[in-house]
Protein chains: 2
Amino acid sequence: MSAADATILLVDDHSVVREGYRSVLQKQPGLRVIAEAADGAEAYRLYKSETPDLVIMDLSMPGIGGIEAVRRIRQWDKAARILVFTMHENAGFAVQAIRAGARGYVTKTSPPESLVRAVKDVLAGKIAISPDIDHELALSRISGESSAADVLTPREFEVLRLLLAENTTEEIAETLHVSPKTVANLHSLIKDKLGVGSDIELVRLALRQGILTEVDLGEA
Amino acid sequence: MSAADATILLVDDHSVVREGYRSVLQKQPGLRVIAEAADGAEAYRLYKSETPDLVIMDLSMPGIGGIEAVRRIRQWDKAARILVFTMHENAGFAVQAIRAGARGYVTKTSPPESLVRAVKDVLAGKIAISPDIDHELALSRISGESSAADVLTPREFEVLRLLLAENTTEEIAETLHVSPKTVANLHSLIKDKLGVGSDIELVRLALRQGILTEVDLGEA
DNA sequence: GCAACGTCGTGAAATTTTCCCGGCGTTGGT
DNA sequence: ACCAACGCCGGGAAAATTTCACGACGTTGC
C-alpha cells in the first residue's frame, strides 16, 4: 500500500454488498478501502474522521439515506468526491443525487468494470453517469414527464409528501393549520400538474421519482 | 475441490453482489460456486443443466422474478434446495417465497455469518429464516393485518392487481368483460376487506405485502 | 334441498373531486 | 409607486365517484 493510494470509504447497509465492492476494488492497484459504513450517519462520521479521497455510496439505507448523507458530507467538505452506486435505475434518483453533490451515478446492474471505471473517472475529477441512466434521462425529457419537485410549489410538494405518508385529508389540514377544503383543492391541483388521473398513479409516479421509497413503508 | 463439495448456483442481477457472495462463500470449506445467473429464466436454465445442491436466489430481478423462478425450479425438481437472500425485510415476501418452495429466507442486512449458517442449515435439510423476519411475521400476526392474498377472493385479487397496474376503472371493466360499476363495487369492497381508507393506503399495503414491487414500475 | 358464498349488476344516497371564483400578501419589473 | 404575476387560502356548486342496500344467478358442500 503505497502512500499514493487513493483512499475509499464504502457505504452500504448490506454487508455482502460491501464484501463485493471490496473484492472488486482490491484487484485494482492504487485503490485502498480504508473504512466502511452501514448508514448515512455513520458515513458522515467516518468521512470527517478519515477524509477519504472517494466515497462510494448506496442510496437506500435505514435512517439517514444516501441522498441526505451526500448533502451533509458535501456541506462539510465542498471538495468531497462521492460516487453513488445503487440499484435504482430511475432518472429521478440520479437527478437528486447529482443535485445533492454526487460526482457520479452508477447502477448496480452495471458490470464491475463500470464501477472501476467510474471510480477512476471521479478520482480524476470527471463526472461519471451510467449509460442506462443517461438514456433514462433522455427519455424522461422526451416523454415530458414533469419532475414533481420542479413543477410543484413548495406548499404543493409538502402536501404531496403528507399525502404519501399515510395521512387523511383531515389530518393534513390539521398539521398544516388550513381547512380540509384547501388540502382537497391542492390534492386535485397536484394530480393535475403531474398529469395523473388517480391516486394510484400518483403513488407510482412518486415511487419512480424517489419521493417515496420502499424502505419508508416499514415506518408505517 | 473435493468431490464431496456442495455445489451452489448464485442468482442475483447485480454482479457486484454476486462478487460478494462468492467472496464470502469461498472462505468456507466444502462449498463450491459452480454457476451464476442474472435473472429468473437463466437461473431455471442453469439449474436444469447443472443441478446444484443449493441455489442462492435474489427476489427483485428483471423479467422472471425470484418467486416465480423458485416455483419453476421446484416444479422441475421437487427436492431442490433454494435459499432466498434478499433486501426485502417484509414478512409478505418471506411468506410468498416459502410457499413457492424456498427452504430459507435471509435478508441482505444480515451479517455474512448468517448467510453462511443459513447455507449450511438448508444443505442439512433445515429451514432457515432470519430472526428479523421471524419477528416481522410475529408482528403481522399480532397487528392482525390481513394478508391480501388470503382474505380476498380470486376475482377480488385479480381486480386489485389490475388496479395497481395502472388501469382505470373503465379499462379494467373492459379487460374483465364486466360493467365498470362492478369494478367500482369490487374496488370499494377490497378497500373494506383490507381495512384501508384510501387508494394511497392500498398501494402502501400492496408494496408491504409484495403484491406490487418497485421494479414493476419501470414497465409503466 | 338448501344454506353459504362468490360473482355481477342496479339504483339511490352520501361523499368527494373538480372547476370556477375572489381575496390577500409577496415579488419583481417599469 | 404602480401594476402584473404568482403562490396561497378557501367558498360554492356541479360533476363524478364511492358506498350501501338489495336481488339474481350459479356453484359448492353439508
Side-chain angles (χ1 to χ4, degrees), chain A residues 95-96 99 144-207 209 211-212 220, chain B residues 99 144-207 209 211-212 220:
Chain A
V95 171
Q96 281 188 63
R99 284 192 186 158
E145 172 170 293
S146 18
S147 149
D150 288 340
V151 313
L152 298 183
T153 67
R155 195 55 158 179
E156 286 157 0
F157 196 76
E158 172 76 359
V159 170
L160 174 56
R161 283 206 312 101
L162 291 170
L163 280 169
L164 296 173
E166 64 175 328
N167 302 319
T168 68
T169 301
E170 285 74 21
E171 287 169 341
I172 295 173
E174 169 75 18
T175 30
L176 296 182
H177 304 294
V178 298
S179 97
K181 188 61 196 290
T182 298
V183 176
N185 277 337
L186 285 174
H187 185 173
S188 177
L189 184 60
I190 289 166
K191 288 201 288 181
D192 187 37
K193 277 196 177 182
L194 297 183
V196 299
S198 67
D199 282 350
I200 289 177
E201 275 184 83
L202 187 65
V203 179
R204 294 172 60 91
L205 181 97
L207 281 168
Q209 301 202 354
I211 299 162
L212 175 69
Chain B
R99 283 190 187 161
E145 172 170 292
S146 21
S147 151
D150 288 340
V151 318
L152 297 183
T153 67
R155 195 57 157 178
E156 285 158 1
F157 195 76
E158 173 74 1
V159 171
L160 174 56
R161 281 207 310 100
L162 291 171
L163 280 170
L164 296 174
E166 67 177 323
N167 301 317
T168 68
T169 301
E170 286 73 21
E171 288 169 340
I172 295 173
E174 170 75 18
T175 31
L176 296 182
H177 303 295
V178 296
S179 96
K181 192 62 198 286
T182 298
V183 175
N185 277 337
L186 285 174
H187 186 173
S188 176
L189 185 59
I190 288 166
K191 288 201 289 182
D192 188 37
K193 277 195 177 182
L194 297 182
V196 300
S198 68
D199 282 350
I200 289 176
E201 275 184 83
L202 187 65
V203 179
R204 295 172 60 90
L205 183 102
L207 281 167
Q209 301 203 354
I211 299 162
L212 174 70

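Letters A, B, ... mirror the listed sequences (proteins, then strands); counts begin at 1. Because the structure is a prediction, the values reported are computed rather than measured.
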For the residue pair A:Ala184 and A:Thr169, what are the closest heavy atoms and their distance? N-CG2, 4.2 Å
Reported CD1-to-CD distance for the pair A:Ile211 and A:Gln96, which is rounded to 0.5 angstrom: 7.5 Å
Give a yes or no on whether A:Glu174 atom CD has more than 12 heavy-atom contacts from other residues, nucleotides or ligands under 6.0 Å away. no
A side-chain contact here means heavy atoms from C-beta on lying under 4.5 Å apart; do A:Leu194 and A:Ile190 qualify? yes
Short N/O separations, protein against nucleotides 16-19 of chain C, under 3.5 angstrom:
from	atom 1	to	atom 2	distance (Å)
C:dT18	OP2	A:Ser188	OG	3.2
C:dC19	N4	A:Asn185	OD1	3.0

Which pair of non-hydrogen atoms, one from B:Thr153 and one from B:Lys193, has the smallest distance, and what is that distance? CG2-NZ, 3.9 Å
Evaluate the criterion side-chain contact (heavy atoms from CB on, under 4.5 Å) for residue pair B:Arg204 and A:Leu164; output intermediate values, then yes/no. CA-CA 9 Å; B:Arg204 295 172 60 90; A:Leu164 296 173; 5.5 Å; no
Degree of bending, the helix from C:dG1-D:dC30 to C:dT30-D:dA1 (end axes from five pairs; round to 10°): 30°
Apply the test side-chain contact (heavy atoms from CB on, under 4.5 Å) to residues B:Leu186 and B:Val178: give CA-CA distance (whole Å), side-chain angles for both, the deciding distance (0.1 Å), then the verdict. CA-CA 11 Å; B:Leu186 285 174; B:Val178 296; over 6 Å; no
Give me the atom names and distance for the closest heavy-atom approach of B:His187 to B:Leu202. NE2-CD2, 4.3 Å
Polar atom pairs between nucleotides 6-9 of chain D and protein, under 3.5 Å, N or O only, would you list them?
from	atom 1	to	atom 2	distance (Å)
D:dC8	OP1	A:Arg155	N	3.4
D:dC8	OP2	A:Thr153	OG1	2.2
D:dC9	OP1	A:Arg155	NE	3.2
D:dC9	OP1	A:Arg155	NH2	2.8
D:dC9	OP2	A:Arg155	NE	2.9

Apply the test salt bridge (charged side-chain N to carboxylate O under 4.0 Å, His left out) to residues B:Glu158 and B:Arg161: give CA-CA distance (whole Å), side-chain angles for both, the deciding distance (0.1 Å), then the verdict. CA-CA 5 Å; B:Glu158 173 74 1; B:Arg161 281 207 310 100; 3.1 Å; yes
side-chain contact (heavy atoms from CB on, under 4.5 Å) assessment of B:Leu176 paired with B:Arg155: CA-CA 10 Å; B:Leu176 296 182; B:Arg155 195 57 157 178; 3.9 Å; yes
